[in-house]
Amino acid sequence: MNYLDENLNALKIRNENLYNKVREYVDNTEIDYSNFSIIDTRDGNAIVVINRSGKEIRLNSIYNAEKEASHWVKQFDFSNIDTNVAMFGISNGIFTREILKQLDKNSVMLLVEPDIDLFLFCINEFDMTDIISDERIAFIIEKINWDKFINYLGAIVDSKRLNSFIFCCHPKIEQLYSMELKDIKNVIIEHINKLHLNYNTRVVLRSDAMENSIKNLHFLKNINFVDEFREVIPDNIPFIIVAAGPSLDKNIDELKRVEGRAFIIVVDRAVNDVVKHGINFDAIITVDAGKSIEYMNNEESYKYPIFACDDAKNELLELNKGRKIFLIGTAFMNKICKKYGIETKHYSVGGSVATSAFNMARVIGSKKIILVGQDLAYAGELTHAGGEKEEHVINNKTFMVEGIDGKEVKTRGDWLRFLKWYETEIEKLDEDVEVIDATEGGAKIAGTKVMKLSEVIDKYCTVEFDFKKALDNMSPAFDEKKYPEVRQDLFHLDVELSHIKECAKKGIEISDLMLCEIEKGECDLEAVAGYANRIKEMNKLIEEQFVYNILNEYIKADIEHVMMNVNCLGEDEIENKKETCRISKFVYEKILDAVERIEPLLKDSLERV
């Protein structure tokens with residue numbers, strides 16, 4: 001019996017976009033099924049056989065395929081709350097169904113099929129509508145959406161769910177498609193490493209970020225936001241991003257020729273080098289909460305407008321005398337913008353100052369984005385322009401990648417992530433947007449057009465543009481009517497902190513009372529439910545406060561860390577309730593901690609508002 005149409009119809013209902021891609025492949029490809037066949041098993045099922053190099057390999061047991069799958073699934077622990085699964089290999093779905101039996105309704109299962117022809121053979125020969133229709137399942141299929149695996153993985157595995165994530169493989173497909181499996185495993189390892197790195201980074205920088213957010217509040221009086229520049233920088237004006245890679249030394253002086261004929265934004269680390277070469281540019285960009293001021297430590301650099309996150313290094317922003325333009329970043333600033341009707345557009349920003357500049361170009365709608373000094377690779381042992389060799393980096397593991405000249409160059413973990421980010425985001429751009437790599441060194445970024453900077457200037461930088469004049473004509477985002485209201489909101493933050501402080505103290509007290517009640521031999525269930533409701537009320541009151549969005553950035557890493565344990569609670573309900581009380585108390589203690597840290601900072605900052 002042919003099940004293809006039935007299965008594809010089920011796919012169309014679940015995911016029409018994926019269905020269209022599969023249907024297009026089916027309609028336009030001559031598929032060779034000669035290496036696949038079906039045999040009956042002794043328990044009455046049918047299984048797939050693959051012919052490899054003259055050898056027939058059965059994908060399931062010929063005796064009892066369901067019993068084999070039932071035994072196989074026992075090696076995995078599904079007792080954790082919110083367990084998500086990625087499985088390599090689908091075949092006829094017998095192993096998949098055993099996993100699905102173990103998952104609750106809120107779990108997600110990502111099915112990864114490394115062979116599109118095997119997938120099509122199976123949905124032709126087997127009724128798999130139950131799997132395809134299951135709301136918990138998402139598919140990654142070779143030649144269809146294989147490159148989207150990282151996107152799906154990121155959606156089901158974050159730092160809170162890391163301990164409850166399961167990766168498993170169809171036993172036979174694991175052996176037959178080992179190269180494809182290696183690629184998938186590398187993506188998973190890189191993603192997990194990134195989660196750990198991000199957690200560690202937040203732990204290191206959280207205090208700086210929170211302090212900066214509060215100290216930077218007074219800039220709101222004369223601030224602009226990046227989204228306002230869609231009408232200020234015409235889309236036909238080349239957007240040149242000057243990064244601090246080693247190759248910048250090769251072509252930095254070419255930038256003198258482009259003054260007034262492009263929008264030139266310089267990343268913080270490259271500012272001193274650009275200024276020393278006597279180049280007039282348009283703006284600086286900085287995003288890091290802990291960025292050293294040594295990269296912009298001369299009077300000449302202080303005059304330029306600066307694009308920054310609202311939690312960027314306060315000392316840098318105070319030294320800078322130019323207009324401040326905020327790149328939307330923290331939840332607090334998003335709330336402010338939403339309240340006052342300021343339009344904001346959100347994209348993945350990539351994790352570096354240069355990728356943030358690229359995102360800025362995308363937000364304002366530039367049609368020509370030009371990368372300069374974006375090496376993402378070593379030049380010998382040099383890491384940055386000016387002959388700099390960065391000795392201490394968070395991730396110093398090195399890799400070899402293709403360079404812009406076709407030869408291999410050495411990169412490192414963080415640069416490789418930025419490289420992959422660029423390639424993914426460039427694919428998403430409209431067809432009329434061109435990204436030109438005028439770096440003249442370093443790693444090749446797929447999707448870019450490689451050109452010399454001198455050629456780029458001659459070909460594309462032909463229209464006069466005066467950014468300073470355009471900026472001078474702009475009014476602040478919060479005008480004379482809006483700013484008094486914003487100012488009142490800022491002063492009210494102090495009152496909100498007091499509310500949060502009281503709620504956190506009550507929350508600690510209620511958590512202790514609830515724990516004591518549960519620890520009794522026979523607890524009063526009505527009393528426990530009452531405590532639980534009061535905790536919900538406290539949480540709601542805390543989260544409603546505007547200032548909580550700043551405070552939450554400070555405690556988020558600790559909360560995520562402890563929430564990993566929530567997902568790993570056992571089967572003992574009493575112990576689970578006790579642990580929940582302890583976690584609740586821990587969260588309130590962290591909130592109280594953060595409030596006491598914020599209070600004096602906010603008081604000083606409000607004096608400047």
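Everything quoted here is computed from the prediction, not taken from an experiment.
A centroid separation of less than 6.0 Å is found between the aromatic rings of Phe358 and Trp421.
Taking 4.5 Å as the limit, every side-chain heavy atom of Glu315 sits out of range of all side-chain heavy atoms of Glu318. The shortest side-chain heavy-atom distance between Met109 and Asn84 does not fall under the 4.5 Å cut-off.
By the 4.0 Å N-to-carboxylate-O rule, Lys603 lies too far from Glu607 to be salt-bridged with it. Salt bridge Lys585/Asp512: present, at least one basic N to carboxylate O contact under 4.0 Å. Between Glu599 and Lys501 there is a salt bridge, since at least one side-chain N of the basic residue sits less than 4.0 Å from a carboxylate O of the acidic one. Comment: Arg487 does not engage Asp489 in a salt bridge, judged by the lack of any side-chain N to carboxylate O separation of less than 4.0 angstrom. By the 4.0 Å N-to-carboxylate-O rule, Asp479 lies too far from Lys481 to be salt-bridged with it. With respect to Arg597 and Asp593, no salt bridge is recorded, no charged nitrogen being found less than 4.0 Å from a carboxylate O.
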Test side chain to side chain contact (heavy atoms under 4.5 Å, CB included) applied to Leu602 and Leu497, step by step: CA-CA 10 Å; Leu602 184 60; Leu497 269 187; 3.7 Å; yes
For Ile284 and Ile265, what are the C-alpha separation, side-chain angles and deciding distance, and is it a side chain to side chain contact (heavy atoms under 4.5 Å, CB included)? CA-CA 5 Å; Ile284 296 167; Ile265 191 163; over 6 Å; no
Derivation and outcome, side chain to side chain contact (heavy atoms under 4.5 Å, CB included), residues Ile285 and Val266: CA-CA 6 Å; Ile285 183 167; Val266 181; over 6 Å; no
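At least one donor-acceptor pair under 3.5 Å links the side chain of Gln545 to the backbone N or O of Leu541. Within the 3.5 Å criterion, the main-chain N or O of Val547 finds a donor-acceptor partner in the side chain of Glu496.
Closest approach of Leu110 and Leu153 over heavy atoms only: CD2-N, 4.1 Å. Minimum heavy-atom separation, Asn272 to Glu294: ND2-O, 2.7 Å. When all heavy atoms are compared, the tightest approach of Ile364 to Arg230 is CA-CG, 3.4 Å. The two residues Ala244 and Val267 have their closest heavy-atom pair at N-CG2, 4.0 Å. For the residue pair Ser301 and Asn320, the shortest heavy atom distance occurs at O-ND2, 3.9 Å.
Residue Phe229 forms a ring pair (Phe, Tyr, Trp, His ring centres under 6.0 Å) with just one option from Phe307, Phe263, Phe326, and that option is Phe307.
For Lys148, the NZ atom is densely surrounded, since the number of other residues' heavy atoms within 6.0 Å is greater than 12. Around the CD atom of Glu388, the shell of radius 6.0 Å holds more than 12 heavy atoms that belong to other residues, nucleotides or ligands. Within a 6.0 Å radius of CZ in Arg534, other residues, nucleotides and ligands contribute 12 heavy atoms or fewer.
Counting only N and O atoms by type, the side chains of Asn216 and Asp310 include no donor and acceptor under 3.5 Å apart.
Taking the side chain to side chain donor-acceptor pair (under 3.5 Å) definition, one finds that Thr424 meets it with nothing, sequence neighbours left out.
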